[in-house]
Protein chains: 2
Amino acid sequence: MNAFNVAEYMQALGLQARAASAQMAKASARAKNTALRALARRLREAGEPLAQANALDLARAEAAGLAAPMVDRLRLTPKVIETVAQGCEQLAAMPDVIGDIVGLKEQPSGIRVGQMRVPIGVFGMIYESRPNVTIEAASLAIKSGNAAILRGGSEAIDSNKALAQMVRAALAEAGLPEDAVQLVATTDREAVGQLIAMPAFVDVIIPRGGKGLIERISASAKVPVIKHLDGNCHTYVDDTADLDMAVVVVDNAKTQKYSPCNATEGLLVARGVAAAFLPRIGAVFAAKGVEMRCDAEAAALLEGLAGQPRIVPASEQDWFEEYLAPVISIKVVAGLDEAIAHINHYSSHHTDAILTRDHVNAQRFLREVDSASVMVNASTRFADGFEYGLGAEIGISTDKFHARGPVGIEGLTSLKYVVLGQGEIRS
Amino acid sequence: MNAFNVAEYMQALGLQARAASAQMAKASARAKNTALRALARRLREAGEPLAQANALDLARAEAAGLAAPMVDRLRLTPKVIETVAQGCEQLAAMPDVIGDIVGLKEQPSGIRVGQMRVPIGVFGMIYESRPNVTIEAASLAIKSGNAAILRGGSEAIDSNKALAQMVRAALAEAGLPEDAVQLVATTDREAVGQLIAMPAFVDVIIPRGGKGLIERISASAKVPVIKHLDGNCHTYVDDTADLDMAVVVVDNAKTQKYSPCNATEGLLVARGVAAAFLPRIGAVFAAKGVEMRCDAEAAALLEGLAGQPRIVPASEQDWFEEYLAPVISIKVVAGLDEAIAHINHYSSHHTDAILTRDHVNAQRFLREVDSASVMVNASTRFADGFEYGLGAEIGISTDKFHARGPVGIEGLTSLKYVVLGQGEIRS
């Protein structure tokens, strides 16, 4: 690929994507669902060719000395394949929202005005290692009537090429344009720079990866970016919380899994229940080896825990931190006002929860906490497209613009105005 | 203002706006409506001080030799003041959408998930001459629970300062933060550069003005921009159109006013009705002095019109043109497919209409034309927030992202997820 011109190549992909998106926008629900089911079948029948492509990636990763967990993320096991195949079938079974007209109302002039849900057009997706994301993104593109240009990680390039070939075949089988889902077939980094700077061909960029990657892309993109930055999520235990429930929910929010962005990283406890609650949750954390970074008041209340609790004074930076690890910051607050102020200042506006029996406090928390997801009496771990009933998730947005929180099919669509008249004119 | 530091000044406005926005987000509907009614009353009672401020702007404009229509746009006549006062009262009478929860549904885990409408936060508005826009923007900020930083044209600076003072007084009267609406009090151009590059303080920029201004702002903004570029709108007369209706609607769409962005600039006529329709609409245009830029087929059918018709061959550039003048491009097309292809290629994706009796063609046009507003049997001039029942309009978006078409209160809001549980945990 020496004489290869990345800019020209990306422009060609863009032009083909734009053309395909016009076909996809008017594709019938039946054709899109046929493509999704065909893709599921082809994934299950893939067998040796896909395994061989995946083996190439795995061998390269091992030769490069990648850590075992990184290598594992590349592996297309029968279970991983079955999961993405089922995902395609679930999408096929969902209602098609494209073309829905909402809110049609007659206006004083006589015209009826509503809004029709239509695809955004073309989205570009930039992601790392796991090749199954290729199928998730492709299936969301198909169902939402968009075209997509996918740029996966170089580690997974052989698997991704094999998967993208199946997507093309499934689209063709359904009579849809093969270019509706295109994989960037070069691992040249310049391709990303091109992809994010083609407003004529790409309507939105969805990066999935670390905060650094997303900040870099946002800074130089010439099209909108659905940003998912960090998840510094909080759970606040209010004065009237049911403490038995609080122990179970806070434990789940922190320890059910440490790596997801919706895990609770900061625990706030109202002073009125701190003495009763903190030793109980502290014992749970101590037993699970969770380090507790505490303000002085919380630390004092956690003194004398059995076992070997890891209690450390919290620094100012701790309140901002997304640990993604067995670490939690803990602070005693006067009550709801201080909890809301703390969260609005330090949280990453991803997901924050209150545990309370007080209806007024619950309503105030929902209204006043400025985060993509606000919860009452539930684990922050629920912040997820599937748990929210979106059927699928292309990412989670920490932005306020366009899409906020888990982004499903609707986040890949826009509403255009529809006006139905009988010859009305403006006077 | 020599030692005046614009960057520091704008940062201070930003900080104050951000603080005020938190108060506005939780303000009651009653307080916001009180402020709006107080503003209407103050506008009507303004009398001499406002007239004097306006006179300063008018005198400066006249001394600078501005053309009479430009000077007129600055003039705060009693009629203009009454109109904006009524606008404030109309907004006060509208339901408050902030805090509405939509789509609350129980999920298999037991949690109930919905979405709450909340303000975006802080918007920056950049506009030219007309000082009444200051009140329109201020009243929309108040009703939508946002804070706003307004940057009006330097020609109107004295009027704008007097109006902004009334807005502050009305906010204070209602117990709301005065900084919820701040006017940039300097005419230094650097202030715009600062305003569009403060993502910590400003969530979205709404420019109102020429295409050049909006393109410059979009290119350098560090926050999302609700863009309103040009309005190259089309009306397509289909084979089955009611030709009596078509003459009335096309006439209205082109000639009711020439300057608005929703005026029709391109007329497409199906070949099957071209010979019957074009001479009729051509006679109307000829009588009104509208220049017709025609393809060869249309020109041939318009030969022999009575009077002094101005018929000119259309160039390729004409199909792209937003004339905002008594000029229209005219093309004969084979039928619906060619009309849709032409529109999707040349239109600015603002507003396009089909005139037809054919239900299938109407549905295809609505679905396949990729514009912010698509219409059947109505004048493109209806593309307007008031005509659409939005109650108010902060602008018209030609973007697909976030807001599309006329932007009212909802375009200044976002939806956050609300989760109501009873102690559910993720398994």
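A note on names: the letters A, B, ... follow the listed sequences, proteins ahead of strands, and every chain is numbered from 1. Predicted model, so just to flag it, every value in this text is computed and none were measured.
In this structure, His228(B) and His350(B) have side chains that are in contact, with non-hydrogen atoms separated by less than 4.5 Å. A 4.5 Å side-chain heavy-atom check between Val237(B) and Val250(B) finds at least one atom pair inside the cut-off. Using a 4.5 Å cut-off on side-chain heavy atoms (C-beta onward), Phe123(A) and Ile226(A) make no contact. In this structure, His349(A) and Thr398(A) have side chains that are not in contact, with every pair of non-hydrogen atoms separated by 4.5 Å or more.
One finds the CG atom of Asp203(B) at 9.5 Å from the CZ atom of Phe401(A) (value rounded to the nearest 0.5 Å). Note that CG of Leu336(A) is 5.5 Å distant from OH of Tyr236(A), once rounded to the nearest 0.5 Å. How far CD of Glu393(B) is from CD1 of Ile409(B): 12.0 Å, rounded to the nearest 0.5 Å. Rounding to the nearest 0.5 angstrom, the gap separating the CD1 atom in Ile396(B) from the SG atom in Cys261(B) is 4.0 Å. Here the CG atom belonging to Asn344(B) is positioned 10.0 Å from the NE2 atom belonging to His234(B), to the nearest 0.5 angstrom.
Heavy-atom distances place no part of Pro108(B) under 4.5 Å from chain A, backbone and side chain included. Both the backbone and the side chain of Glu424(B) come within contact range of chain A, each with at least one heavy atom under 4.5 Å from a heavy atom of that chain. Only the side chain of Asn262(A) has a heavy atom closer than 4.5 Å to any heavy atom of chain B. Using a 4.5 Å cut-off between heavy atoms, Val249(B) contacts chain A through both its backbone and its side chain. In this structure, the portions of Met375(A) lying under 4.5 Å from any heavy atom of chain B include both its backbone and its side chain. Residue contact with chain B, scored on non-hydrogen atoms closer than 4.5 Å, involves the backbone and the side chain of Val248(A) alike. Heavy-atom distances place the side chain of Leu390(A), and not its backbone, under 4.5 Å from chain B. Contacts between Val204(A) and chain B at a heavy-atom distance below 4.5 Å involve the side chain alone, from C-beta outward. For a residue to count as touching a neighbouring chain, one of its non-hydrogen atoms must lie under 4.5 Å from one of that chain's; by this rule Asp384(A) touches chain B with the side chain only. Contact annotation for Ile98(A): both backbone and side-chain heavy atoms come within less than 4.5 Å of a heavy atom of chain B. Proximity to chain B is limited to the backbone of Ser371(A), based on heavy atoms less than 4.5 angstrom apart. With a 4.5 Å cut-off on non-hydrogen atoms, Gln256(A) touches chain B through its side chain but not through its backbone. Interface residue Leu415(A): only backbone heavy atoms are found under 4.5 Å from chain B. Using a 4.5 Å cut-off between heavy atoms, Val369(B) contacts chain A through its backbone alone, with no side-chain atom that close.
Put simply, of Thr380(A), Leu366(A), Leu420(A), the one with the most heavy-atom pairs under 4.5 Å next to chain B is Leu366(A). No other option in Gln363(A), Lys400(A), Lys257(A) has as many heavy-atom pairs under 4.5 Å with chain B as Lys400(A). Chain A forms more heavy-atom pairs under 4.5 Å with one residue of Lys222(B), Arg364(B), Glu387(B) than with any other, namely Glu387(B). Between chain A and the options Lys26(B), Arg112(B), Gln115(B), the largest number of non-hydrogen pairs under 4.5 Å is found for Lys26(B). Of the listed residues Ser414(A), Ser427(A), Ser379(A), the one with more heavy-atom pairs under 4.5 angstrom with chain B than any other is Ser414(A). Interface summary for chain A: among Gly121(B), Pro224(B), Gly99(B), Gly405(B), the most heavy-atom pairs under 4.5 angstrom belong to Pro224(B). Of all the listed residues (Thr413(B), Asn252(B), Asp370(B), Val113(B)), the one sharing the greatest number of non-hydrogen pairs under 4.5 Å with chain A is Asn252(B). Each of Lys105(B), Met245(B), Arg367(B) has some count of heavy-atom pairs under 4.5 Å with chain A, and the biggest count is that of Arg367(B).
No side-chain donor from either of Tyr417(B) and Thr351(A) sits under 3.5 Å from a side-chain acceptor of the other. Between the side chains of Asp399(B) and Ser397(B), no donor-acceptor pair is found at a separation under 3.5 Å. Side-chain contact, Asp358(B) with Thr240(B): no donor N or O sits under 3.5 Å from an acceptor N or O.
Heavy-atom minimum distance, Ala378(B) versus Leu355(B): N-CD2, 4.0 Å.
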